[in-house]
Amino acid sequence: MNDNGDGQGMAVMAGADSPVSGPAEGKEDHGGHPPGLYLLFAVEFWERFSYYGLQSILIFFLLWHLSMDKVSAYAELGAFGVLVYMCPVVGGFMADRWVGARHAVRAGAVLLMLGHGLMAWQPAQTVERLVTPDATYDLKRPILYPAEGEDGARQVVVNGTAQVITSLASVQGGDPDARTLTYVGPDGGAVTLRGRLEKTPDAGGLKLFYLSLALIAAGVGMLKPNISALVGRLYGQRHAARDRGFLIFYLGINAGGLMGSIVCGWLGAALGWEWGFGAAGIGMAVALATFSLGRRLLPPELPAAEGGPRAAGSGSGGLLALAGGLAVALGAWLIVDHPIVVGHVLDIAAVAGLAAVFWFARRCDARQRRHLALLLLLMLVSVLYWTLFYQGPASLNVFAAEWTDRHIGPVLVPAPVLQFPDKAFVILLALPLAALWRWLDGRHRDPGPVTKFGLGVLFVGLGFLALAFGIEVTPAGLRVGVAWLLSLYLLQEVGELCLSPIGLSSITRLSPPAITSLLVGLWFLSTAYGQRLSALVAQATVVDGSLPAAVQLASYQAVYLKAGLWSCAAAVLLLMLVVPLRRLND
C-alpha cells in the first residue's frame, strides 16, 4: 500500500534479468529512499487493486450468482483466503532455495493476470427450483445483487407470472433442503408453499471459476512474500529507514486497494460481475508490465556460492518459477472448493514451516534464537488481528448490504464500494504515523514491535465494540447508520498500521538472511489462520432468515461484542508483558 508520488522507479527501461543488475544495496535518491521502492510500490499498487477489487464483490457473487447459503459462502471465502496466504510459504521457500525473489515476483504476476482474467468468464447463474408434492416452481433472481440487499428481490414463478417472495425459510429438522416459501398472491394476500429447494449449478463453469481462484492464490504465493523481501533488501542495515519504507510501501498497497474497491466494486454492482472481475485482470496486466520494465532497479540476489538461490542467475530461473507456480495452482485447484480439506492442509503447512524454522535455529547463536522467538510470538498475536480484520470482505460486507443505511447524502453507496474506507483511512494515517515513529526513534523512545502489536490488537477490538454499540443504540426498525461502520474501519486501520507494516519490517530486520523469504511466508501463514478463524466468526453471525429482523441484527451485535472484548483483553495482556519481552528484540 505505497506510493510516495516520486515515480522515478518507472523511468528506467530494463534489459536482461541478470543477478548482478540493479543498484547497490541501500542506495538512496534525494528523497531518502532507494529508487527500487517506487517500482515495488507501483507493482503492489496494481496487484492489490486486482485482489481487493475481487474481494469486494466475491462474497456477493457466491451468495447471489452461485446461490450459496451464507454458512457455505463464508466457508468458501475463508478457504480461498487461507490458500491466498498459505501459498506464500511455498513461494518464499522456492525463492530462497532456487529461483530468487525477482523471478518469483514475475511468475506470480503472470499467474495473477491469468487468474483474474479468467474470472471474467464466470459460470452461469445457478438455477433454483422449489419442488412441492404438487408442482415445481422456478425461483428468479436479478442478475446483479440488489442495491438494498436480498429482501424482496427474489421472485417465484407461479402460472407463468413472477411473484415477490416475502419469506424463504428453512424447516427445522429432517431434510436440510426443506423450505417454506411465502409470496404475495394476485389478490395481495400471502400464499405459503412448502417443498424442497433444488439448485442446479453450471458444473463446467464452476470448474473454471475454481481454477481462477487457484491461479490467484498461487500468484499471490509467488509474488507477496518475495516483493516484501525485496523491499527489506533495499535498505541493508538501516532499520529506521526500513520501517519508514515499509509504511510507504503499505500506503501504496492501500491506494491500490482503495481504487480496486471503488472501481471493481462499482462495476460489479452496477454493470455485472464480469465487469468487476475483468477490471481486476487489467490491473494485473499493468502490474506485470511495470515490473518487467523496472526490475533492474532492484538489488541483486545473494550468489549461490554464499547460500543464495541456485537458479536465480540462470536463464531457466524464470521458467522454473513459473512451472513451480503452476504446480501450486494445480494443487490449490484440487482443494479450493473443499474448505475442510484446506484447513487440514493449512495445519500441515504450519507444522512443516515451523519445523523448518526450528531446524535452522539449531545453527543459530543465542541472539538469533531470541529474534526467532520474538517473530513467532508476533505471528501468533497477528492471528487474532487478522481474524477480525477479515470480517471486512465477509460478514461486514453482508452487514453493509442488508443492515446498514448506506446513504451518504442523496447517494446510495453499493455495498461492495463500502470496502474502500479502510484503505482510505490507511492513506490518511500512514504518513503521520510514520512521522511519529521517526520522531520517537530520533529520541530513542521507539515503543518497539511488541507494544505496537498490542496497540494493533487493541484498536481492532475497540472498532468492533464501537459497531456493537452502534447496533445497540439504533432504533428498532431502522438500519444502522453508516457512521458506525466507518468508525470500525477507522479504528481497525489505526491498528493495522501499528501491526502489519511493523511485522513485515521486523521480519526483514530480525530474520537470518538465508530464510528471510520463508519467514515472510510464515507471516502470511499466520494471516491464513486469521482467514480460517474469520470464516468461523462470520458463520456465527448467521441465523435463520425467517426470524424477526431484531433477532437477526442481535446476532451480529453479540458476535461483534464478544470479538471486541476478547481482542481488547488479549491486547492488555500483551502490553503487560512488554518489559519482559523487550530483551528478545535486542
Side-chain angles (χ1 to χ4, degrees), residues 1-12 28-29 31-56 101-102 105-106 108-109 112 219-220 223-235 241-264 279-280 282-295 297-298 389 419-435 437-438 493 496-505 508 520 523-524 527:
M1 312 170 172
N2 67 13
D3 187 351
N4 64 0
D6 189 296
Q8 290 185 9
M10 298 309 301
V12 177
E28 298 182 9
D29 71 346
H33 294 284
L37 178 65
Y38 310 139
L39 167 69
L40 295 176
F41 77 57
V43 174
E44 191 70 343
F45 173 95
W46 287 110
E47 189 271 328
R48 291 291 93 178
F49 172 94
S50 300
Y51 181 72
Y52 282 114
L54 164 71
Q55 201 174 51
S56 68
R102 294 197 292 178
V105 168
R106 188 163 53 186
L112 283 164
V220 172
L223 184 147
K224 201 73 173 140
N226 297 303
I227 199 169
S228 298
L230 286 172
V231 172
R233 204 179 298 167
L234 290 169
Y235 289 92
R242 180 191 287 109
D243 281 359
R244 296 192 299 273
F246 267 106
L247 276 171
I248 294 173
F249 181 67
Y250 220 67
L251 180 63
I253 295 175
N254 280 279
L258 169 66
M259 294 302 298
S261 299
I262 294 174
V263 174
C264 300
I282 293 172
M284 272 317 304
V286 176
L288 177 60
T290 299
F291 186 79
S292 298
L293 292 175
R295 64 185 182 272
L297 292 170
L298 303 176
F389 177 88
Q419 287 293 291
F420 86 87
D422 60 337
K423 289 83 176 174
F425 288 136
V426 170
I427 293 171
L428 293 174
L429 297 172
L431 292 180
L433 193 58
W437 299 147
R438 186 173 186 173
E493 295 315 313
E496 183 180 355
L497 285 168
C498 291
L499 182 145
S500 189
I502 304 305
L504 287 171
S505 179
T508 58
V520 173
W523 165 257
F524 290 112
T527 309

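Just so it is clear, the model here is predicted, and its values are computed rather than measured.
Side-chain contact between L298 and F291 is present, with at least one heavy-atom pair separated by less than 4.5 Å. Using a 4.5 Å heavy-atom threshold, the side chains of R48 and N254 count as separate. Contact check for L40 versus L234: side-chain heavy atoms found under the 4.5 Å cut-off.
For Y51, the ring pair (Phe, Tyr, Trp, His ring centres under 6.0 Å) criterion is met by no residue, not counting sequence neighbours. For L499, the side-chain contact (heavy atoms from CB on, under 4.5 Å) partners two or more places apart in sequence, or in a different chain, are S382, Y385, W386, F453, V457, W523.
Contact between S50 and A280 at its shortest, heavy atoms only, is OG-O, 2.5 Å. In terms of heavy atoms, L433 sits closest to C498 at CD2-N, 4.3 Å. Listed here is the closest heavy atom pair of P225 and V220: CD-O, 3.7 Å.
Expressed to the nearest 0.5 Å, how far CZ of F425 lies from CG of L497 amounts to 12.0 Å. We find the CG-CD1 distance between L258 and I427 to be 4.5 Å, quoted to the nearest 0.5 Å. A distance of 10.0 Å separates CD1 of I262 from CZ of F49, quoted to the nearest 0.5 Å. A distance of 12.0 Å separates CZ of F420 from OG of S56, quoted to the nearest 0.5 Å. Atom CD of residue E44 and atom CD1 of residue I227 lie 4.5 Å apart, to the nearest 0.5 angstrom. Rounded to the nearest 0.5 Å, atoms CG (L54) and CE (M284) are 12.0 Å apart.
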Decide yes or no on side-chain contact (heavy atoms from CB on, under 4.5 Å) for M259 and F45, but give the supporting numbers first.
CA-CA 9 Å; M259 294 302 298; F45 173 95; 4.0 Å; yes
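In this structure, S500 contributes its side chain and E496 its backbone to no donor-acceptor pair below 3.5 Å.
Electrostatic pairing of K423 and E493 does not count as a salt bridge here, judged by no charged N lying under 4.0 Å from a carboxylate O.
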